[in-house]
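Values below: all heavy atoms of this structure, side chains included; hydrogens, waters and symmetry mates excluded. Just so you know, ligand 1 is whichever comes first in the structure, and atom 1 is the first atom listed for that ligand.
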Amino acid sequence: MGGVSRGRISGKTGLLALIGQPVDHSLSPAMHNAAFAADGLDLVYICLDVDPDELPAAVRGLAALKVRGFNVTMPHKRAMIQLVHELDEEARISGAVNTVVIEASGLRGFNTDGGGMVMACQEAGIDFSGKSVLLLGAGGTAAAIAVAFGKAGVGELHIANRSVEHAACLRDRLHGTGMKGLVVHPLDTLPDAEIVINATPLGMKEGDLLPVPPAYVREGRGFCDAVYRPGTETPLVRLARERGVPVVAGDRMLLYQGVLAQKLWTGREPNVKAMDLAIS
Ligand code: NAP
């Protein structure tokens, strides 16, 4: 097929991209291009730095250029909602798009972050079906995770957030999808959940506090962290590993949100091994 594996970009090479600001530290080009190269697909993935006030023009340009699709990262995930013609449930409920497929009929917006976390848990053997899950955070990522976990059969979903109003707002949006077993908590009264997911940004910066009190990280619970820091562990992941508690780090979610996005663009099973190696 003359893919990028042989170092050739031809007149037929399909283009995929990440739009955001900044984008220069993204692992997505390495991850996607590794899979295209491994499987001989004639596709290439690049990063494009887009100013927020140029987002509509950039998206129109990508569609005009017949790019196959693109990922969306901060700060454009929310604004992208207004710029697509169709949304999946995760994107609609979260109010955030991370993947766009460009078709002749229009732009289709998806959010693969939640599905990525589900797959990362499955890979780690963390079974949440019928279990009580504590979700920390009520932003776009938390909402996408909640929808995906709801579809995957979570028993009870406890949402704890700094702003209890935001948590209640997410609960109400999830009620609208038919999801049951939803309970809201302030951060200082955490329930006794079996699985805990951090979907706040706590852990992104050196010196950040843990998203839960240290004593909450104990045997009998599984932990998942949406936050990832290339080359190091977040404090939550570090503590869970020290205590021998099952934990899923954010880079596994990153991998699987990418796997789901690539499948949407190509319609085929991505080469997960090549993608994983590229970001490990
Ligand atoms: P967001 O929409 O801004 O939401 C942030 C949430 O965290 C809100 O609920 C907010 O509470 C809470 N929060 C913010 N600062 C906090 C603090 N200091 N203490 C306690 N709670 C705090 O952000 P997002 O887009 O959902 O992203 C959340 C995290 O997920 C980011 O760190 C991002 O990097 C990560 N993420 C990872 C992946 C991956 O592939 N691994 C994919 C997507 C996102 P309030 O409601 O009170 O403001």
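- Between Y45 and F36, the gap from one ring centroid to the other reaches at least 6.0 Å.
- Taking all atoms of both residues into account, the shortest heavy-atom contact from A144 to E90 is O-CG, 4.0 Å.
- Pairs engaging residues 222-231 under the salt bridge (Lys or Arg N to Asp or Glu O under 4.0 Å) rule: E206-R229 [sequence neighbours left out].
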Could you list each nitrogen or oxygen of ligand 1 that sits under 3.5 Å from a protein nitrogen or oxygen, with the atom names and the distance?
from: ligand 1; atom 1: 2 (O); to: R78; atom 2: NH2; distance (Å): 3.1
from: ligand 1; atom 1: 2 (O); to: G140; atom 2: N; distance (Å): 3.2
from: ligand 1; atom 1: 9 (O); to: A138; atom 2: N; distance (Å): 2.8
from: ligand 1; atom 1: 9 (O); to: G139; atom 2: N; distance (Å): 3.4
from: ligand 1; atom 1: 9 (O); to: N161; atom 2: OD1; distance (Å): 2.7
from: ligand 1; atom 1: 11 (O); to: N161; atom 2: OD1; distance (Å): 3.2
from: ligand 1; atom 1: 15 (N); to: R162; atom 2: NH1; distance (Å): 3.4
from: ligand 1; atom 1: 25 (O); to: T141; atom 2: OG1; distance (Å): 3.3
from: ligand 1; atom 1: 26 (O); to: G140; atom 2: N; distance (Å): 3.3
from: ligand 1; atom 1: 26 (O); to: T141; atom 2: N; distance (Å): 2.8
from: ligand 1; atom 1: 26 (O); to: T141; atom 2: OG1; distance (Å): 3.0
from: ligand 1; atom 1: 27 (O); to: T141; atom 2: OG1; distance (Å): 3.2
from: ligand 1; atom 1: 40 (O); to: L254; atom 2: N; distance (Å): 3.4
from: ligand 1; atom 1: 41 (N); to: A226; atom 2: O; distance (Å): 2.8
from: ligand 1; atom 1: 41 (N); to: G250; atom 2: O; distance (Å): 3.0
from: ligand 1; atom 1: 46 (O); to: N161; atom 2: ND2; distance (Å): 2.8
from: ligand 1; atom 1: 46 (O); to: H166; atom 2: ND1; distance (Å): 2.6
from: ligand 1; atom 1: 47 (O); to: R162; atom 2: NE; distance (Å): 3.1
from: ligand 1; atom 1: 47 (O); to: S163; atom 2: N; distance (Å): 3.0
from: ligand 1; atom 1: 48 (O); to: R162; atom 2: NH2; distance (Å): 2.9

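- Shown here are the side chain to side chain donor-acceptor pair (under 3.5 Å) partners of S132, two or more places apart in sequence or in another chain: E194.
- Among residues at least two apart or in separate chains, salt bridge (Lys or Arg N to Asp or Glu O under 4.0 Å) pairs with a member in residues 261-280 are D39-R268, R252-D276, K263-E269.
- R218 and D192 are joined by a salt bridge, as a carboxylate oxygen and a charged side-chain nitrogen come within less than 4.0 angstrom of each other.
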